[in-house]
Amino acid sequence: EKGGFDTYMLKEIYEQPQALTNTLIGRLHDDTGEVNLDINLNPQSFKRISIIACGTAYYAGLVGEYLIEQLARVPVEVDVASEYRYRNPLVSENTLAIVVSQSGETIDTLEALREAKKGGAKTLGVINAKGSSMTRELDDTLYIHAGPEIGVASTKAYTSMVSAFVMLALWLGRARGTLSEMEAKDLLHAARELPRLVEEALAPERVEQIRRVAEKYAHARDYLFLGRGVNAPTAYEGALKLKEISYIHAEAYAAGEMKHGPIALIDAQLPVVVVATESRLLEKTISNVQEVRARSGKVILLLSDGDSENARHADDVLYVPRAHEMVSPVVNAVAMQLLAYFTATALGKDVDKPRNLAKSVTVE
Ligand code: M6R
């Protein structure tokens, strides 16, 4: 049932091209730049959006915040559900609350959803599990159709959730007139490319390179992950994956925050993974990389294919296929998952059953 793979996690990592196809299929209209999400809510009626989730789903929500604010110009806030439910949140009929959950059963997210409804918010779910508890209480559900995810560490659900947010941002941006037809078509084409790009990200020589790097640093005590903009959450997700399955202590920051504290941690023993794929802000990220180098940190750079120029700033490079910046978190996440995976297996850990963790957290 693991389809020839050693673990569910690895199987699910390799299922991502298909999972993404299933997330996107039938929803993208190339000729018009429109998406069809079968959502009955009126996209023009919201003044603000609250995204609520836990763990990896929360990081998908952070990407969603970036995409929606950039493309639809609606104010978005993102909360971890366990905070939202107890903070007496400001909600009105003009609020759209979006809950994000693979299982649809996470108790904090479910209770946060109830809290948002109590305040009069309209509610939308980005959910994987059909007919799960949340879907029975939501006004509308955007299923991600990633298929069953068994590995405790979420992989394909994350990339499918992020892709769902690309479509939501398109939907909102078009309906609210903030996104031109040309921009929408451009993004839509970029989204359509995702299954192929992720397939390419899983090419054997790339996977081998990630394995080599993972093994080289598998005995590190700590890891630091940095990223900016739409890829800051890629760094957070990379650190969470590594912690969950390899038990290596990992921290993640928006790259520009490093000099406000975490830079004190850097020494020659610290591997620092920096998401430095093509972006408007790449130069800024590279100057952060130089700060790490100046303190002898070991730099592992995630670079877009062909960027040999920036490779000279790295101890090790992981190349990923080039993607439109707004969809790049999907492609970049795959490298993060594999880095965590091969670190954990190099250390002999049971990645499908990491200690102290459950697949679905249904108790507080
Ligand atoms: O089922 P959910 O998406 O609501 O689960 C949320 C988190 O518990 C989950 O993402 C958790 O952080 C994973 N173990 C991450 O790999």
Side-chain angles (χ1 to χ4, degrees), residues 7-13 15-16 19 23 51-64 78-85 97-116 123-138 141-165 225 233-248 250 252 329 333-334 336-341 343-344 349-364:
T7 60
Y8 284 111
M9 183 177 172
L10 196 60
K11 170 173 177 267
E12 288 161 5
I13 288 173
E15 277 171 357
Q16 287 178 110
T23 305
I51 299 176
I52 309 155
C54 301
T56 285
Y58 169 73
Y59 295 139
L62 289 179
V63 180
V78 195
D79 269 284
V80 288
S82 55
E83 286 296 314
Y84 185 92
R85 61 179 288 202
I98 304 180
V99 299
V100 193
S101 178
Q102 189 286 126
S103 63
E105 302 294 346
T106 303
I107 191 69
D108 281 326
T109 311
L110 182 59
E111 290 296 342
L113 164 61
R114 291 174 177 157
E115 193 63 30
T123 59
L124 172 66
V126 174
I127 308 280
N128 195 31
K130 305 275 150 59
S132 51
S133 301
M134 286 176 213
T135 65
R136 296 196 292 270
E137 300 188 26
L138 286 159
T141 300
L142 179 60
Y143 280 113
I144 60 172
H145 299 303
E149 190 182 67
I150 293 162
V152 170
S154 181
T155 53
K156 62 177 180 170
Y158 178 73
T159 47
S160 284
M161 284 167 183
V162 172
S163 308
F165 274 113
F225 288 76
T234 307
Y236 308 154
E237 171 62 2
L240 178 65
K241 285 289 90 91
L242 188 72
K243 277 184 267 208
E244 280 191 290
I245 59 171
S246 77
Y247 317 140
I248 294 177
V334 177
M336 296 291 166
Q337 296 162 356
L338 289 167
L339 184 67
Y341 184 83
T343 304
K349 308 297 182 203
D350 182 348
V351 299
D352 281 339
K353 289 201 183 58
R355 70 183 182 206
N356 309 340
L357 288 170
K359 180 61 185 161
S360 186
V361 184
T362 52
V363 290
E364 224 187 307

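Note that ligands are numbered from 1 as they come in the structure, with each ligand's atoms numbered from 1 the same way. The first residue in the sequence is number 1, and the count goes up from there. We use all heavy atoms of the structure for the numbers below, so side chains are in, but hydrogens, waters and symmetry mates are not.
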Option among I144, L142, L62, I98 that satisfies the side-chain contact (heavy atoms from CB on, under 4.5 Å) test with F165:
I98
Quick check for you: to the nearest 0.5 Å, what is the distance between I51 atom CD1 and Y84 atom OH?
11.5 Å
Around atom 1 (O) of ligand 1, find the nearest protein heavy atom and jot down its residue, atom name and distance.
S103 OG, 2.7 Å
Residue, atom and distance of the protein heavy atom nearest atom 3 (O) of ligand 1 read Q102 N, 2.7 Å
Sub-3.5 Å donor-acceptor pair from the side chain of N128 to the main-chain atoms of G147, do we have one?
yes
Does the distance from a Lys or Arg side-chain N to an Asp or Glu carboxylate O, for E149 and K156, drop under 4.0 Å?
no
For the pair D352 (side chain) and M9 (backbone), establish whether a donor and an acceptor sit closer than 3.5 Å, ignoring hydrogens and angles.
yes
Polar contact flag, side-chain donor to acceptor under 3.5 angstrom, T343-K349
no
At what distance is the nearest protein heavy atom to atom 10 (O) of ligand 1, and which residue and atom is it?
T56 N, 3.1 Å
For G55, the ligand 1 atoms with a heavy-atom partner under 4.0 Å come out as 12 (O)
Compute the shortest N/O to N/O distance between V152 and ligand 1 and return yes if it is under 3.5 Å, no if not.
yes
Within the structure, does K359 bring an N/O atom to less than 3.5 angstrom of an N/O atom in ligand 1?
no
Under-4.0 Å heavy-atom contact with ligand 1, by part of K241 that carries it:
side chain
Say you draw a straight line from CD of Q16 to OG of S160; how long is it, rounded to the nearest 0.5 Å?
7.5 Å
Could you tell me, atom by atom, which parts of ligand 1 come under 4.0 Å of a heavy atom of A57?
3 (O), 10 (O)
Closest protein heavy atom to atom 8 (O) of ligand 1, given as residue, atom name and distance to 0.1 Å
V361 CG2, 4.2 Å
Could you pull out, from T106, I127, I245, the option with a heavy atom nearest to atom 4 (O) of ligand 1?
T106
Is any side-chain heavy atom of T362 closer than 4.5 Å to a side-chain heavy atom of E105?
yes
Any chance the side chains of S154 and Q102 put a donor and an acceptor closer than 3.5 Å?
no
Please write down residue, atom name and distance for the protein heavy atom closest to atom 13 (C) of ligand 1.
E244 OE2, 3.5 Å
Please report the interatomic distance CD(E12) to OG1(T159), rounded to the nearest 0.5 Å.
10.5 Å
Which residue and atom name correspond to the protein heavy atom nearest atom 6 (C) of ligand 1, and how close is it?
C54 O, 3.3 Å
Are any of the N or O atoms of T109 closer than 3.5 Å to those of ligand 1?
no
Which atoms of ligand 1 have any heavy atom of A153 under 4.0 Å away?
16 (O)
Any heavy atom of S360 closer to ligand 1 than 4.0 angstrom?
no
